[in-house]
Protein chains: 2
Amino acid sequence: MVEFRVDRSGGLPAYLQLVQQVREALRLGWLAPGDRLPTVREVVAASGVNPNTVLKAYRELELVGLVEARQGSGTYVKATLGTASPELMVELRAQLEKWVHGARQAGLEDEDIHALLGAVLAGDMKGKES
Amino acid sequence: MVEFRVDRSGGLPAYLQLVQQVREALRLGWLAPGDRLPTVREVVAASGVNPNTVLKAYRELELVGLVEARQGSGTYVKATLGTASPELMVELRAQLEKWVHGARQAGLEDEDIHALLGAVLAGDMKGKES
DNA sequence: CAAATTGTTCTAGTCAACTAAGACACTAGC
DNA sequence: GCTAGTGTCTTAGTTGACTAGAACAATTTG
């Protein structure tokens with residue numbers, strides 16, 4: 001059962017955090033079509049956000065066709081986002097873990113790591129020009 | 001000269017995006033103490049946000065001691081965040097680029113990649129339990 | 001069938017983010 | 001000294017995010 005977290009200090013609206021976490025879970029294969037999301041009340045209990053906020057997130061996900069809400073029953077996953085095979089994901093994850101280990105050894109913190117990935121993905125080879 | 005972007009669709013407040021971009025630039029070594037940030041008016045022209053919004057970002061950075069604003073002159077970097085040596089960063093970046101290349105071959109998109117890194121950094125080995 | 005559980009809707013309010021516009025104070029360069 | 005460029009501040013307003021509380025409708029469970 002997937003568990004959601006809402007971090008109030010990062011600036012991203014709570015409902016978008018929930019949306020993002022569902023998308024991530026779909027990406028990583030933690031959620032698949034047919035799975036049931038935590039109920040609105042469960043998310044409320046776990047994260048402390050207002051039910052309307054959870055509903056807003058779930059409604060967004062429903063709008064893009066990723067989930068389907070069934071009143072009286074729950075909210076179910078309808079589609080997936082993951083595209084790579086589980087085996088490849090496992091392999092890529094292992095490689096990444098190794099890389100992260102090296103990065104940690106070099107003293108990198110989370111923010112460094114995210115920044116570096118951002119730069120690599122942006123293909124920004126001209127980062128610093130001064 | 002670092003260039004800021006503000007993406008209106010991601011949900012993160014504009015001012016926080018600016019703060020984040022400065023932090024990233026510091027992390028990656030693109031900005032160093034003594035460097036001047038783009039002027040408020042430059043950021044306004046480039047990103048279309050209101051001057052007050054840029055000021056809010058710069059003030060946040062000033063509050064945590066990363067930059068220093070000099071009226072009439074500009075806003076200057078005062079401290080850095082990067083901790084690893086440039087050589088190591090180059091090495092880690094090259095490795096990460098290689099990994100990303102493999103991930104792309106496997107069909108991963110940005111969101112997959114970010115999700116995977118998030119999971120690895122969270123050390124969450126129990127992702128899916130159902 | 002009744003109770004429990006689920007999603008759903010509504011109203012009213014607060015707060016943060018952001019904008020527009022204008023003007024001020026200070027610095028830098030000529 | 002003057003001009004241009006810099007950060008700074010103020011006021012007033014809009015919008016989005018989020019909350020609280022209550023109640024409803026539908027489904028599930030015993």
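Below, chain A is the first sequence line, B the second, and so on; all start at residue 1. In what follows, every heavy atom counts, from backbone to side chain, and hydrogens, waters and symmetry copies are set aside.
- Residue whose closest nucleotide on DNA chain D sits further toward the 5' end, between B:Arg59 and A:Arg70: B:Arg59.
- Using a 4.0 Å cut-off between charged side-chain N and carboxylate O, B:Lys78 and B:Asp35 make no salt bridge.
- Regarding A:Leu12, its CG atom lies at a distance of 10 Å from the P atom of D:dA17, rounded to whole Å.
- B:Asn52 contributes a side-chain N or O that forms a donor-acceptor pair with the base of D:dT10 under 3.5 Å.
- Residue B:Arg41 places a side-chain atom within donor-acceptor reach of the base of D:dG7, judged by atom type and a 3.5 Å distance cut-off alone.
- Atom-to-atom, CG of B:Leu55 to C1' of C:dA17 comes out at 14 Å; the value is rounded to the nearest Å.
- To the nearest angstrom, P of D:dG7 lies 13 Å from CD of B:Glu68.
- Distance from the side chain of A:Lys56 is smallest to D:dA17 among D:dC18, C:dC18, D:dA17.
- Of all nucleotides listed (C:dC18, C:dA20, C:dT6), C:dA20 comes nearest to the side chain of B:Asn50.
- A:Leu63 places its CG atom 15 Å from the C1' atom of C:dG7, with the value rounded to the nearest Å.
- The residue B:Tyr58 sits apart from the nucleic acid: no heavy atom pair falls under 4.0 Å.
- Two residues, A:Gln71 and B:Gly11, neighbour DNA chain D, and the one matched to the more 5' nucleotide by heavy-atom proximity is B:Gly11.
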Original post:
Stepwise, does the side chain to side chain contact (heavy atoms under 4.5 Å, CB included) test hold for B:Arg93 with A:Leu116?
Top reply: CA-CA 7 Å; B:Arg93 183 185 185 126; A:Leu116 196 47; 4.0 Å; yes
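- The side chain of B:Pro13 lies closest to C:dA17, out of C:dG7, C:dA17, D:dA17.
- Going from atom CH2 of A:Trp99 over to atom CD of B:Gln95 covers 8.0 Å, rounded to the nearest 0.5 Å.
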